[in-house]
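This report concerns only the one structure given below.
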Protein chains: 2
Amino acid sequence: MSLYSPGETAEETGFSLDTLRYYEKIGLLPRVHRNASGQRRFSDSDLYWLALLRCLRVTGMPIAEMLTFAELTRDGGDDTFVERMALLKAHDRRIESQIAEMREKQRAIREKIAWYEDNIP
Amino acid sequence: MSLYSPGETAEETGFSLDTLRYYEKIGLLPRVHRNASGQRRFSDSDLYWLALLRCLRVTGMPIAEMLTFAELTRDGGDDTFVERMALLKAHDRRIESQIAEMREKQRAIREKIAWYEDNIP
DNA sequence: CGTTGACCTGGAGTGCACTCCAGGTGCCAA
DNA sequence: TTGGCACCTGGAGTGCACTCCAGGTCAACG
């Protein structure tokens, strides 16, 4: 079990230093361990959690909902497995329909590109 | 060639009345025709253009870039076909990589769901 | 004739998710 | 011992894309 500096963690996870502090501040991250001089030292489990947050964020989950998920995870224990799973499943369905919509719009854009292709003066 | 009220246009395009006015104000839409009492009457070509804007927006193109595209379309004539096409092609590539990233993150989320599934207490 | 309802304007306000800042600490290398 | 770097804090500021508001016009309906 190793520990990571804020810089390493930012590098690893793709979040900025400020975002890491911000996430901790709003409670999206559990209190991060500090070394003797007060600097953050992220654990493997912090990194794992951050990776999951990254997945949720990139796929468009709003912070408020990630917060709900974080709270279930932090305070709930096993009792909230079903609830957490439901939340992720709902999000998965949203991802699916987002991608479907993007594909549909992409088709229209490609038609437009093809039209230009055929009509270059 | 028919004309559409703001309400109909909002309905049709999925943009709100306010957004329609906003887009006209910032120049994303050419000046929209008005009836005798000053109310907007959108044409078929306005609707066509709005549908294209919708595709770009939904797929994540920033307003500033749509504005570039609008300016090329408005002022450029045929001379800008190549440029417009390049802009759309670049956007199409971005859509592609966005979808790829979403799919990748979705996989991780589904693994997490599966893990919960297997570990319901 | 009055009152809806859809629309008009310019400009202010909102929500989200960061991002930046000033002023400070701690530690290491030259 | 002095410079530089990575980090710390609370709080203010930013950018984007709308969204709302007050106060007004207009046309049609009962």
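Order of the sequence lines sets the chain letters (A, B, ...), proteins ahead of strands, with each chain counted from 1.
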Worksheet, complete the sentence: DNA chain D nearest-nucleotide lookup for L17(A) and D18(B): closer to the 5′ end is L17(A)
Worksheet item: 5' to 3' on DNA chain D, which nucleotides open and close the contacts with chain B (atom under 4.0 Å from a heavy atom)?
Response: dA17(D) to dC26(D)
Worksheet item: Checking salt bridge (Lys or Arg N to Asp or Glu O under 4.0 Å) for the pair K89(B)/E117(A): CA distance, chi angles, key distance, verdict?
Response: CA-CA 11 Å; K89(B) 280 183 173 174; E117(A) 202 95 62; 3.5 Å; yes
Worksheet entry | Sequence-distant partners of R21(B), salt bridge (Lys or Arg N to Asp or Glu O under 4.0 Å), two or more places apart | D18(B)
Discussion item. Using a heavy-atom cut-off of 4.0 Å across all strands, would you classify R34(B) as base, sugar-phosphate, or nothing?
Written reply: sugar-phosphate
Worksheet item: Across the strands shown, which category fits F15(A) at heavy-atom distances under 4.0 angstrom: base, sugar-phosphate, nothing?
Response: nothing
Discussion item. Once you measure the plane-to-plane angle for F81(A) and W115(B), does it fall in the parallel (<30°), tilted (30-60°) or perpendicular (>60°) bin?
Written reply: tilted
Item to complete: Name the nucleic acid region contacted by R21(B), choosing base, sugar-phosphate or nothing; use a 4.0 angstrom heavy-atom cut-off, strictly under.
Response: base
Worksheet item: Between atom CG of L87(A) and atom CG of L72(A), what is the distance when rounded to the nearest 0.5 Å?
Response: 7.0 Å
Discussion item. Please classify the nucleic acid contact of R57(A) as base, sugar-phosphate, or nothing, using heavy-atom distances under 4.0 Å.
Written reply: sugar-phosphate
Worksheet item: Between F42(A) and L29(A), is any pair of side-chain heavy atoms under 4.5 Å apart?
Response: yes
Worksheet item: Partners of E96(A) by salt bridge (Lys or Arg N to Asp or Glu O under 4.0 Å), sequence neighbours excluded?
Response: R103(B), R110(B)
Discussion item. Taking the nucleotide of DNA chain C with the nearest heavy atom to each, does A64(A) or S37(A) sit closer to the 5' end?
Written reply: A64(A)
Fill in: Comparing K25(B) and P6(B) on DNA chain C - which has the more 5′ nearest nucleotide
P6(B)
